[in-house]
Protein chains: 2
Amino acid sequence: MATISDVARAAGVSPATVSRVFNGGRVTAERADRVRKAAADLGFSPNRVARSLRMQRASVIGLLIPDIENPFFTSLARGVEDVAQRTNLSVVLCNTDEDVEKERRYLDIAVAEQMAGVIVAAASRRRTDLSALAARGMPVVAVDRRPRAAEVDAVMVDNQHGGEDATAHLLERGYERVACITGPAGASTSEDRLAGYRAAMHEAGVPDDWTRAHTRHADFRVDGGHAAMRELLSLRTPPDAVFVANNLMTVGALKALRESGIEPPEFGILSFGDVPWASLVRPPLTTVQLPSYDLGASAAALLQDRLAGSGKPLQTVVLRTVLQPRESTEGPGAR
Amino acid sequence: MATISDVARAAGVSPATVSRVFNGGRVTAERADRVRKAAADLGFSPNRVARSLRMQRASVIGLLIPDIENPFFTSLARGVEDVAQRTNLSVVLCNTDEDVEKERRYLDIAVAEQMAGVIVAAASRRRTDLSALAARGMPVVAVDRRPRAAEVDAVMVDNQHGGEDATAHLLERGYERVACITGPAGASTSEDRLAGYRAAMHEAGVPDDWTRAHTRHADFRVDGGHAAMRELLSLRTPPDAVFVANNLMTVGALKALRESGIEPPEFGILSFGDVPWASLVRPPLTTVQLPSYDLGASAAALLQDRLAGSGKPLQTVVLRTVLQPRESTEGPGAR
DNA sequence: CGATTCTTTGAAATCCATTTCACGCGAAAG
DNA sequence: CTTTCGCGTGAAATGGATTTCAAAGAATCG
C-alpha cells in the first residue's frame, strides 16, 4: 500500500504538499498535477486510520438500532446511509438487540473508534446513558425513541397523535371493546402510543379502569405480541378489537387470533407501523404508516449539521404518521 | 480521554508495561494490579484507532451485502455478528444495493480502514473484483454468491440441488406447465437455481424449448418479480405453476397473481428462500428454506480461522436447503 | 562463588497523515 | 531602492498504542 511519503518521493515534493493537494491547501497548479499523477500511478489512497488518529475523528458514524430484523429499522438505516454517503461518511450499523448492556458496549466502541457521531434508537429510556459521548463532545442524534435527558438532537414520530388517531379509527368503525398491546414500559414509543390510546378511549367515555385492564406490555417482538394477545383473549371480558403498538407484535397477535379461529375484520386489528408485505396478509391490515426512511434521513442530516459545526440550539424534529385504513378494521358487522 | 501514558504515570510504570498488562505480556502481579487499578480509576480504554494504526489491522470486519431490506441478508448478518462478537470483532454492515460501483467503494474503504477481513455477498459474479484485497493479504470470505475467481474461502447454499428439489416437488404435485422466475443473469445464485430447475424439467421430459420460453430473469426485487409474473401470465401458453428464485420476487409474483384473480394452489407457487411471515400469507407458501443465519455464522467462523493465521487450503462450505411444503403447492385440483 | 540463562522493565522506534512553524522568494507599497 | 506583505514550501511535531532492543536484576547451574 502506497503511503503519502511514497507519493511525495515520486512527485519530488514533501509529504506536506501531497496532503495539501488532497485536502485543499494552497499548492501551485504545476506541482499539484505532478502529485495527482504520482498518486494515480501508485494507486494511493490515504490511510484512514492514520488520518483518524491525527484528526481525532473518524469519518464514520455509528447507527445503533435495537432490532436489525425489523423492517422499520432497516428502512431507517437506509435513510441514514443514503444521506451519509453524500458527504463520504460511512455508517457502522450496530444491532443492540434491545439490550442495554450490548448497547453500552457499542457506545464504548464508538468512543474508542473515535467515530464522528452517533445516531441512536435507545434500548431504554431510563438506562441508556449518552452522557459519556456528550462529555467527549461527540454529536449524538436520538432517533425514534426519546432518551431521558434532552441534551441531544432528536428526530421522533408523533406517537401520541398516531396512537390517538388509530384508536379513534377503531372506535368509529363500531368496535366497542378496544384493547391495547404496547411495548416495554421503559420505552418512550411504548408510553406515547399508549398515552394516545388512553386519551382516545377516555374521550370516548370508556372508564379508565377498563382501559387499564385491557392494556398489555410486551417486548416489540413477534412472540411477545402473540402471548399478549392470548392473554387478552382469555379475559372474562375479551376485547373485540386491538391496537397493537408495533409491526412485529401485530404479526404475533394475528397468529394468536388465527389460532383461536377469530378472523378480522370481525375482530378489529390495527398495527402501529407498516407490516412488511401488509398487502399480502389476508385480510389486508390497517396500519399507522411511519416515515421510517425519512426518520433516518433527517437524523443523518441533523448529525451532519452538527459535524459541520453548526452552533444551533438543540433541535427536535417530529414527523407525522398517516393512517392507512384497510380491511382489518372494517367493523364488526362488515361481513 | 485517558491515554496509556496517563495510566503509566499514575501507576508509576512505563507505557510499555501498561500495554503488556492488557495484551498478555509478562508483568509481575504486583505491578499489574497497580496498572489495572490506575486504569480503572482513570476510566482508560485503549484508543482503537491508534492500535489499528500500529497493528496495521483494525478489529473490525466488513460485511458487504446487496440488500439490507431482504430478511435473508439481515438474518445472515445476525449470524455473522453473533460469531464475531465472541472474539471482540465488530462488524461494519455495508449495503451495496446490487450495485458494483457502490460495492467497489466499500471495498476501497475496507482497505483504507485496514479492516481485518471482509465477508461479501458479491453484487456481480463477473464484475466484483476482490483481487485488491487478496493482494494486500486481507482475508476474504464469499458468502451466498460465488465470485468468479476461486481464490477465496466461501460459504454457499446448494442452490442447484434446492432448485431441482423445488421443481420436482411442483411436478409431483401435478402441475404440468412449471415456469421459472430467476435473478439477474450475472449472479451465481440465479444461474444455479435456474440450472436446478432446468435439470428437473428435463428429467420430467419437458422439451428444453418450452422451459427456456417460460423462464424470466428479474432483479431479485419485489417489482421485478411482479413484472416477470405478469409477462408469464400473458404468454400464449401460460404456466400453471411457477418456481420463483427468491423471496422478494415471490411477493411480487403473488401480487401479480392476485391482480389476475388467480389463487394458489390452483396455480402453484414456490419460493426459494423463506418469505417473512410466510405463515400469515394466505395460502401459506411452500418454500425452500435457506440456512441464512448459519450461512453468516459459518462465514464468520471461517474468517476468524484465517485471522488466527490458519494455513489451511481454501475451503468452500456448502449448506443444504430444506423444502417446506405448504398449501400453495397442493396441486391444481386440491380444492 | 563465578558463570550463564531467564525474566522483567523502560526507552525509543514505528505505524501514517495532518498541521504548525519558519523560511525564502517575489510582488506591491513607500 | 528598501520595506512589507503574502504565498508556497518542507522539516518536524503530533496523535496513542505496540513492539523491539538492550540493560538490569534474579535465578540456576557447575
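For A/N23, the side-chain atoms get nearest to C/dT18 when compared with the rest of D/dG15, C/dT18, C/dT8. Here the side chain of A/I4 is nearest to one of C/dG10, C/dT18, D/dG10, namely C/dT18. Comparing C/dT20, D/dT19, C/dC16 by their nearest atom to the side chain of A/T3 picks out C/dC16. The nucleotide whose nearest atom lies closest to any side-chain atom of A/R20 is, among C/dG10, D/dT9, C/dA17, D/dT9. For A/F44, the side-chain atoms get nearest to C/dA17 when compared with the rest of D/dT9, C/dT8, C/dA17.
Protein atom CG of B/N47 is 12 Å distant from nucleotide atom P of D/dG15, rounded to whole Å. For A/Q114 and D/dG15, the CD to C1' distance is 8 Å, given to the nearest whole Å. One can place CG of B/L53 at 9 Å from P of C/dA17, the figure rounded to the nearest angstrom. Atom-to-atom, CZ of A/R9 to P of C/dA17 comes out at 12 Å; the value is rounded to the nearest Å. Taking atom CZ of residue A/R31 and atom P of nucleotide C/dC25, one finds them 13 Å apart after rounding to whole Å.
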Without placing hydrogens or testing angles, list every side-chain donor-acceptor pair under 3.5 Å for residues 299-307 of chain A, not counting sequence neighbours.
{"from": "A/Q304", "atom 1": "NE2", "to": "A/T87", "atom 2": "OG1", "distance (Å)": "2.1"}
{"from": "A/D305", "atom 1": "OD2", "to": "A/K312", "atom 2": "NZ", "distance (Å)": "2.9"}
{"from": "A/R306", "atom 1": "NE", "to": "A/D153", "atom 2": "OD2", "distance (Å)": "2.5"}
{"from": "A/R306", "atom 1": "NH1", "to": "A/S310", "atom 2": "O", "distance (Å)": "3.3"}
{"from": "A/R306", "atom 1": "NH1", "to": "A/K312", "atom 2": "O", "distance (Å)": "2.8"}
{"from": "A/R306", "atom 1": "NH2", "to": "A/D153", "atom 2": "OD1", "distance (Å)": "3.1"}
{"from": "A/R306", "atom 1": "NH2", "to": "A/D153", "atom 2": "OD2", "distance (Å)": "3.3"}
{"from": "A/R306", "atom 1": "NH2", "to": "A/K312", "atom 2": "O", "distance (Å)": "3.2"}
{"from": "A/R306", "atom 1": "NH2", "to": "A/P313", "atom 2": "O", "distance (Å)": "3.1"}

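Remark: B/T28 is not in phosphate contact with C/dT7, judged by side-chain N or O atoms under 4.0 Å from OP1 or OP2. For the pair B/R51 and D/dT18, the criterion of a side-chain N or O lying under 4.0 Å from OP1 or OP2 is met. OP1 or OP2 of C/dT8 lies within a sub-4.0 Å distance of a side-chain N or O belonging to B/R26.
A heavy-atom distance below 4.0 Å to DNA chain D is reached by these residues of residues 54-62 of chain B, ordered by number: B/R54, B/M55.
The backbone N or O of A/S124 lies less than 3.5 Å from a partner atom in the side chain of A/T128, making a donor-acceptor pair. For the pair B/E103 (side chain) and B/T96 (backbone), a donor-acceptor distance under 3.5 Å is absent. With hydrogens and angles ignored, the 3.5 Å screen pairs no side-chain donor or acceptor of B/R146 with any backbone N or O of B/S188. Counting only distance, with no hydrogens or angles, the side chain of B/D97 and the backbone of B/D99 share no donor-acceptor pair below 3.5 Å.
Looking at heavy atoms from C-beta onward, A/V141 lies out of side-chain contact with A/V120 at the 4.5 angstrom threshold.
Side chains of A/D82 and A/Y293: a donor on one and an acceptor on the other come within 3.5 Å. Between the side chains of A/D294 and A/S298, not a single donor N or O lies within less than 3.5 Å of an accepting N or O. Under the 3.5 Å distance criterion, with hydrogens and angles disregarded, a donor-acceptor pair is assigned to the side chains of A/S90 and A/R48.
In this structure, A/T17 and B/S5 both approach DNA chain D, and ranking their closest nucleotides by distance from the 5' end singles out A/T17. Both B/A50 and B/V27 lie near DNA chain C, and the one whose nearest nucleotide falls closer to the 5' end is B/V27.
With the end axes of the helix from C/dC1-D/dG30 to C/dG30-D/dC1 each set by five pairs, the angle from one to the other reads 40° at 10° resolution.
Taking a cutoff of 4.0 Å between a charged side-chain nitrogen and a carboxylate oxygen, B/R127 and B/E98 do not qualify as a salt bridge.
A/S19 comes within 4.0 angstrom of a nucleotide base, judged by non-hydrogen atoms across all strands. Using a 4.0 Å heavy-atom criterion, one finds that B/V13 contacts the sugar-phosphate atoms exclusively.
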